Amino acid sequence: MYPKNAWYVACTPDEIAEKPLGRQICGEQMAFYRGPQGRVAAVENFCPHRGAPLSLGYVEDGQLVCGYHGLAMGADGKVQSMPGQRVRGFPCNKTFAVVERYGFIWVWPGDQEKADPALIHHLEWAVSDEWAYGGGLFHIGCDYRLMIDNLMDLTHETYVHASSIGQKEIDEAPPATSVHGDEVVTARHMENIMPPPFWQMALRGNDLADDVPVDRWQICRFTPPSHVLIEVGVAHAGNGGYHAEARHKASSIVVDFITPETDTSIWYFWGMARNFNPQDQALTATIREGQGKIFSEDLEMLEQQQRNLLANPQRNLLKLNIDAGGVQSRNILDRLIAAERAPAAELIASAQ
Amino acid sequence: MYPKNAWYVACTPDEIAEKPLGRQICGEQMAFYRGPQGRVAAVENFCPHRGAPLSLGYVEDGQLVCGYHGLAMGADGKVQSMPGQRVRGFPCNKTFAVVERYGFIWVWPGDQEKADPALIHHLEWAVSDEWAYGGGLFHIGCDYRLMIDNLMDLTHETYVHASSIGQKEIDEAPPATSVHGDEVVTARHMENIMPPPFWQMALRGNDLADDVPVDRWQICRFTPPSHVLIEVGVAHAGNGGYHAEARHKASSIVVDFITPETDTSIWYFWGMARNFNPQDQALTATIREGQGKIFSEDLEMLEQQQRNLLANPQRNLLKLNIDAGGVQSRNILDRLIAAERAPAAELIASAQ
Amino acid sequence: MYPKNAWYVACTPDEIAEKPLGRQICGEQMAFYRGPQGRVAAVENFCPHRGAPLSLGYVEDGQLVCGYHGLAMGADGKVQSMPGQRVRGFPCNKTFAVVERYGFIWVWPGDQEKADPALIHHLEWAVSDEWAYGGGLFHIGCDYRLMIDNLMDLTHETYVHASSIGQKEIDEAPPATSVHGDEVVTARHMENIMPPPFWQMALRGNDLADDVPVDRWQICRFTPPSHVLIEVGVAHAGNGGYHAEARHKASSIVVDFITPETDTSIWYFWGMARNFNPQDQALTATIREGQGKIFSEDLEMLEQQQRNLLANPQRNLLKLNIDAGGVQSRNILDRLIAAERAPAAELIASAQ
C-alpha cells in the first residue's frame, strides 16, 4: 500500500561506487549501477538467461554484465551481447527511471512514462554552500507509514529519546497541524525552556552558550510519497525564536526519506542539514553520530509495533490531536494510491 | 490445545524488578509489571493509542506508561492519562489476574471471572524454613505436553542423562501409575543400587557416605494445568527407603512449572527444593548448576521430537506402560480443555 | 521433482564414524549408522515410541538405540527390544537400501524393491591405485537441477571463477553436446592458450612447466539421477591435447554428486580425482583446498538464483546452445520422473 508513481530515494552514490547494488523497492527487485558516461541506471535484477541476479555482476563499457555467464545488458534493458550467442531475440528487462540529484539516487518504481525528474522537490540545503549535510541508512521491519507517523508526531521524543532530544516540555506544547495541498505541516513551539543535551551540543557547535533558556521549535513537513523534512532548532530565549537572527540560534533540518521495500519493511535514509559552521566537518561527524544513536532508539519500538499490529488486525488505533500529522499524511497517501489504482475511474468521475 | 482457565507460572520476581516484562502466555500477549503498592499486574501488551508494546515503557506512580507517547494505563486496563489528551473515551485493555506467591508470579490467561487465587496449589517447600529452593527458566520449542510426557516418564534419565542421574536400574524398575481425581502419580522404587553422580553429590551435601548402596525413589505428580512435582531421593540401603529417617537420606522435590507460550513452545520453570541443609546457599547454587546442565540435555531432544511430530502427522505414537503417566495426564487435560470449550454443552449433559 | 528410484550419495564414512547421522534425502528423513558387522544401514529417523529422532541415539550390538527411552531397532526397521517392554506388536520403520562403495555411502530413497546395487556406476578412479581423490560437502539452498545446469555449462567459470580456473577462452570455444541414452556429454576444447592459476598449480604438481601454452579440455558427463563427472585437463600445446601422453599433461576428473534434500536444497558432494602423483597427499590437500574455495564461489550465485526464480515464477528462462547440457539432462530427468510417477500407464503404453 504505497504509491508507485513517485520518486523515492533508492540509495546513495557510495553504495554503487564499487559494484552494482541489488535492492528491492516498492516490491520491485532492482539492480543499480553506473552505466554509460557514469550515469546511474536501474534494471530489473533478473538475468533473462538463467535468472541470476544481475547485481552480482559487474559493469564493463557502460553495460551491466551478468556474473554467471556474461550476458551484457544496456541501461535500456536490452541484451547487448553474450559470448558466443546471438541475442536479438532475447527478452528485455524492465528498467526504472533514475536520477542522481542532491547527493541521492532517486528511482520511480511505477509507470515509467510518468517519471518526470521535475517532480523531485527542490532541496536548497543540498545545493547551497551555506549548508552541510550528514546522514545514514537503516533497514527497518515496519510499514513505511509507521515511520511517517513517528516523524509527524515528535511527542515520542520525550519517551523514546529522553536522554538526548526529549524533554517534558514537548508533551506540554500542543502541535498545530495544517494541510496545504499535498503537504502536511505539524508545528510545535516551546518557549523559554532549557535545551536538552543534543541541542546543548549544537549550541556549542555554533559558539553559543548552552546553559541558558532557549526557545525551541519543530516544524515537520510531509510531502508524498514519504518525505518528512523537519525544521528544528533553538534560539537563545527572547530573540524571536524561529525568526531569530542566525547569531542567536542553532537550527537545522532533519531529513527523512522513507522508501518502502515491502509492505512491512523500509529503507530509511535519515540525516541532518545545518546552516551554521557548514565547513566544520568534525561537527558534521559529531552530529551524524549523535543522530544515528538517537534514531536507532526508534528501531525496536517500530519493529515491535509492527509485529503487534500484525498480530492484532482487529484493533482500531486511536487518532488523537498529536496524531493529526500522521493521519493527514495517510489521507493524502490513500488518495494517491486510489488514484493510481483506478486512473480510468477517476477520469470518468472528474468528467462528470 | 491447553486449558486457559488455570494458574500458570508467568515469571519470577527478578524478571520484573527493573522494568516491565513482555511475555506471551497461552497465546496472549501480556505486559507484567509492579503496579500500585508494588503489587504485580498484567495487561494486554498493546497500547491502545498506536499499538506499541507497553512492555517497552516504564512504571510511574503505579501506572504503566507507554514508552512511545506517554499513555499511562492503570492495572485495571483503563487509560489514566496521556499528555495533552482527554482519555475518557479510550478503549480499555484486557487485564489478567496475577498473584505473587511461593516466589513466582502466577497468571490466569482465560476467563477472568473464574480466577480464584485459592486454586493455586499449596507448596509447602516454598513457605517453610526447612526447605531451600533454586531454579531457572528455559524457553523450549515444543508442545507443553511433550515436556509433561518427559517428566512423567523418567526412564529417559538412563539415556538422556546417562552421566548424571541416569542409571540402568531405572529401566529395570517398572513404574506404577495411578490417578486420583485430577492428579496423576507415577512412582518408581529401586533398591540396593549404587547412587549415580548427581546423588553422590547430594549425599555428600548432606554429610552422608556416597559410595555405599542406596534405595532410590522417583514419585512424579502431575496436576493441571501442567505442573509436575517429583519427589526424588536416595537413602542408605536398608533404612526404609522413601520412609527412612532424615539422617539416612538425601531427598528433594524436582519442581517443574510448564507454561505454554504457543501450541509449540513453552516457558519451562524448573528447579529443586530440598529439606537438608537448607541454609547452605553454596549447596543450593551447586545443585542448581547441576540441574541446569542436566535439564538442558532435554532441550535438543524435545525440539527435534516436536519437529519430527509436525513432519509426520499421520504417525500414531505408542502408549506403553512407561508412558502411562503422560497418557493419563493428557486424558485429564483433554477433559479440561473440552469442558472449557463447551461449558454450555457440559451443563446440559450433566443436568440430564 | 527428482527421481526417487536411484542411487544418491548420502554421506561419507567419516560422517557416521562416531555416531548416527540424521539427514533428509529426497524428502525422506533418514538415520544412517553402522549396524551389524559394521555394515551401513539407514532407517526412517523417527522412533515409533514417541517420535524422537533415532539419529540422536547410539549403536549397541549392531542395533540403533533411541537416545530418549532406549528402544532398539534392527537394520530391518523392526523393533528388537525396549527395556521392560514386549515389542512384538510395535510398528516397523521404513528402511532404505544403502551401499558403501567407492568411499561413499549410497542410498536408494524410492521403491526399495528396485534397489539394485549393480545400478551404481563403476568409478574406476575410486578403486585404482593410480588415482587419488579429495573432496568435500556443501549444503546449498537451491534446486538440484540448478547445480546440474551449473556444471553442464562451464562457461560460468569465466565469470564466477575468474581468478582461478576462469579464462576468456572458455567463452570463445563453443561446447558440443551429445546425448547417449541416459548420458549427456558436453565437451569443450581450447587450443594453445595460457593455463589459468589453478592449472598452473596442477602443472607444477605434475612437474611440468606452468608458463607455456597448453591445450585445455572440459568434458562434462551427466548421468542420472544427478551425477556430473567432468574430465578436465591441460597438456603442453602440440602434444595431442586430451589424447596427449601422460608426461605432457595434468588431468583429472571433477566429481559432483548432487543429492536433493528438498525441492530447493541439496547436499553437494564435490571432489577431484587425479591420476598424476596419486601418492602425494600434500598435493591432494592443496588441490582439495583450492577446489573448495572455487566451488564456494558458486554458493551465493546459486542461492540467489533460486530466490530469484521463486520470486518470478512467470518468467521463462532461455535455453541457449551453452545450456544444451543442462537442458538435455533435464529432459532425461523429466522422463525418469514421469516414468516413476506413472509406472502402470507406462506398462500399458509399452504393451500396445
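Residue numbering restarts at 1 for every chain, and letters A, B, ... go by the order of the sequence lines. Quantities reported herein were computed from a predicted structural model and do not represent experimental measurements.
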For a 4.5 angstrom cut-off between non-hydrogen side-chain atoms, does T155(B) reach Y68(C)?
no
For atom CG of D14(C), is the number of surrounding heavy atoms from other residues, nucleotides or ligands below 6.0 Å larger than 12?
yes
Note: vs chain B, highest number of non-hydrogen pairs under 4.5 angstrom among A52(C), G84(C), G70(C) is G70(C)
Is there side-chain contact between P83(C) and K168(B), with at least one heavy-atom pair below 4.5 Å?
yes
Decide yes or no for C47(C) and Q305(B): does some side-chain heavy atom of the first lie under 4.5 Å from some side-chain heavy atom of the second?
no
For a side-chain contact (heavy atoms from CB on, under 4.5 Å) check, start with the C-alpha distance between R307(B) and Q29(C), then their side-chain angles and the critical distance, and finish with the verdict.
CA-CA 11 Å; R307(B) 283 200 287 274; Q29(C) 298 282 357; over 6 Å; no
Side-chain (R50(C)) to main-chain (L317(B)) donor-acceptor, under 3.5 angstrom
no
Kindly assign one of parallel, tilted or perpendicular to the pair Y159(B) and Y58(C), based on the angle between their ring planes and the thresholds 30° and 60°.
parallel
Full working for side-chain contact (heavy atoms from CB on, under 4.5 Å) between I322(B) and H49(C)
CA-CA 11 Å; I322(B) 59 167; H49(C) 174 218; 3.9 Å; yes
Applying a strict 4.5 Å limit to non-hydrogen atoms, the region of N150(B) in contact with chain C is both
Identify which part of Q304(B) has an atom lying under 4.5 Å from any heavy atom of chain C, answering side chain, backbone, both or neither.
both
Side chains of D323(B) and H69(C): any donor to acceptor distance under 3.5 Å?
no
Are there more than 12 heavy atoms of other residues, nucleotides or ligands under 6.0 Å from atom CD of E289(B)?
no
Mark yes when over 12 heavy atoms from residues, nucleotides or ligands other than R39(C) sit less than 6.0 Å from its CZ; otherwise mark no.
no
Chain C contacts, top residue of N316(B), L146(B), D153(B), I170(B) (heavy-atom pairs, under 4.5 Å)
D153(B)
I need the residue from D171(B), L309(B), N321(B), L320(B) with the largest number of non-hydrogen atom pairs under 4.5 Å to chain C.
L320(B)
Measure Q24(C) against the heavy atoms of chain B and call it side chain, backbone, both or neither at under 4.5 Å.
neither
Does any N or O in the side chain of N308(B) come within less than 3.5 Å of the main-chain N or O of G51(C), such that one atom is a donor and the other an acceptor?
yes
